[in-house]
Amino acid sequence: MTVRIATWNINSVTARLPKLLEWLESAKPDVLCLQELKCAADAFPYEEVRALGYETEAHGNGRWNGVAIVSRLGFQDVVRDLPEQPGYLADDALVPVIEPRAIAATCGPVRVWSVYVPNGREVGHAHFRYKLDWLATLRESVLADAAGERPFAVLGDFNVAPTDEDVYDLADFEGATHVTPVERAALAALREAGLADVMPRPLKYDRPYTYWDYRQLAFPKNRGMRIDLVYGNAAFEAAVTDSYVDREARKGKGTSDHTPVVVDLNL
DNA sequence: ATGACCCGTCGCACGGGA
């Protein structure tokens, strides 16, 4: 069977609902991993998505973060949060908060995690340490599936550009997060656990960027970053027939600042 | 063409995004 899997940081599923429905109808993914829902799980537009033939497992608590898996292949073994997922201790908080940044499910022949890795804010910030801890915990969480025979992938907004080629101008990122050796080492540790970076085709220009800032004409100027990634195990990678970044979804008004990454599989 | 930030919020600016 052919299976189409995609990931999209949608930057508010409420604000993006017309775009989401339009994209589901045109791209027809079998499984779509979403990040940055910015809504509570019970506020997800389940009915509108169901009308197009999809069920949803959502994990969110309101204002920030939030992840979901939308599937027309059903759900088994849904897991919310990474096992041992670290929380974030904000400056004015007494206890760390476990944020809704990860959800896993088996959909038909494939198991996926939809992840929204912490941003890190600034190198040296407590949020940066949180980001590294979070990625290390992600690695521990996927070891068994990564080594398994079943097609498996981690999809989402990793908030790390894996190589210098994955940002429009390295000089603009001097001292910034998303490109540091320690963040990239955390991705390398995921690959060493048995996951491969499934590289998508760009549909225009030479690099498959997935994010362009809203400001300063970043999209028309193609000042982008590749930070939305698909990390698949050997069985997943062997089944890939195509992968591309759907930059069309970034055009016009009322879009997310990220655009979907699509992977086609023959299983 | 894709055009100079956008999201949610007990807001009337601000934190967060990257």
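Labels below follow one simple rule: chain letters A, B, ... track the order of the sequence lines, proteins then strands, and each chain is numbered from 1.
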Check your understanding: Residues two or more places apart in sequence or in another chain: which of them pass side chain to side chain contact (heavy atoms under 4.5 Å, CB included) with T106(A)?
Key -> Q76(A), D77(A), R111(A), R150(A)
Whole-Å [atom1] distance, [N] and [M]:
| N | M | atom1 | value |
| --- | --- | --- | --- |
| dG11(B) | dG16(B) | C1' | 15 Å |
| dA18(B) | dC5(B) | C1' | 13 Å |
| dA4(B) | dG8(B) | C1' | 23 Å |
| dC6(B) | dC10(B) | P | 22 Å |

Reckon [X] touches a base, only the sugar-phosphate, or nothing at all at heavy-atom distances under 4.0 Å?
| X | answer |
| --- | --- |
| Y205(A) | base |
| K204(A) | base |
| R16(A) | sugar-phosphate |

Exercise for review: Between Q216(A) and P220(A), name the one whose nearest nucleotide on DNA chain B is closer to the 5' end.
Suggested key: P220(A)
Review point. For W113(A) and D145(A), does a side-chain donor sit closer than 3.5 Å to a side-chain acceptor?
Key: no
Figure out the [atom1]/[atom2] separation between [X] and [N], and round it to whole Å.
| X | N | atom1 | atom2 | answer |
| --- | --- | --- | --- | --- |
| F44(A) | dG8(B) | CZ | C1' | 17 Å |
| R250(A) | dA4(B) | CZ | C1' | 12 Å |
| L37(A) | dC6(B) | CG | C1' | 17 Å |

**Study point:** Sub-6.0 Å ring centroid separation between Y168(A) and Y211(A)
**Key:** no
**Study point:** R139(A) with E192(A): basic N within carboxylate O range, under 4.0 Å
**Key:** no
Only pairs under 3.5 Å count here: list side-chain donor-acceptor contacts from residues 116-126 of chain A, not counting sequence neighbours, and write none if there are none.
unit_1: Y116(A); atom_1: OH; unit_2: E36(A); atom_2: OE2; d: 3.4
unit_1: N119(A); atom_1: OD1; unit_2: R121(A); atom_2: N; d: 2.5
unit_1: H125(A); atom_1: ND1; unit_2: H127(A); atom_2: N; d: 2.8

Practice item. Apply the side chain to side chain contact (heavy atoms under 4.5 Å, CB included) test between V179(A) and each candidate in T163(A), V167(A), V160(A), D166(A); give the one that qualifies. Key: V167(A)
Point to revise | Hphob cluster co-occupancy, F44(A) + W23(A), side-chain heavy atoms under 4.5 angstrom | key: yes
Review point. Reading nucleotides 11-18 of chain B 5' to 3', which nucleotides get B (base under 4.0 Å from a protein heavy atom), which S (sugar-phosphate only), which -?
Key: ----BSBB
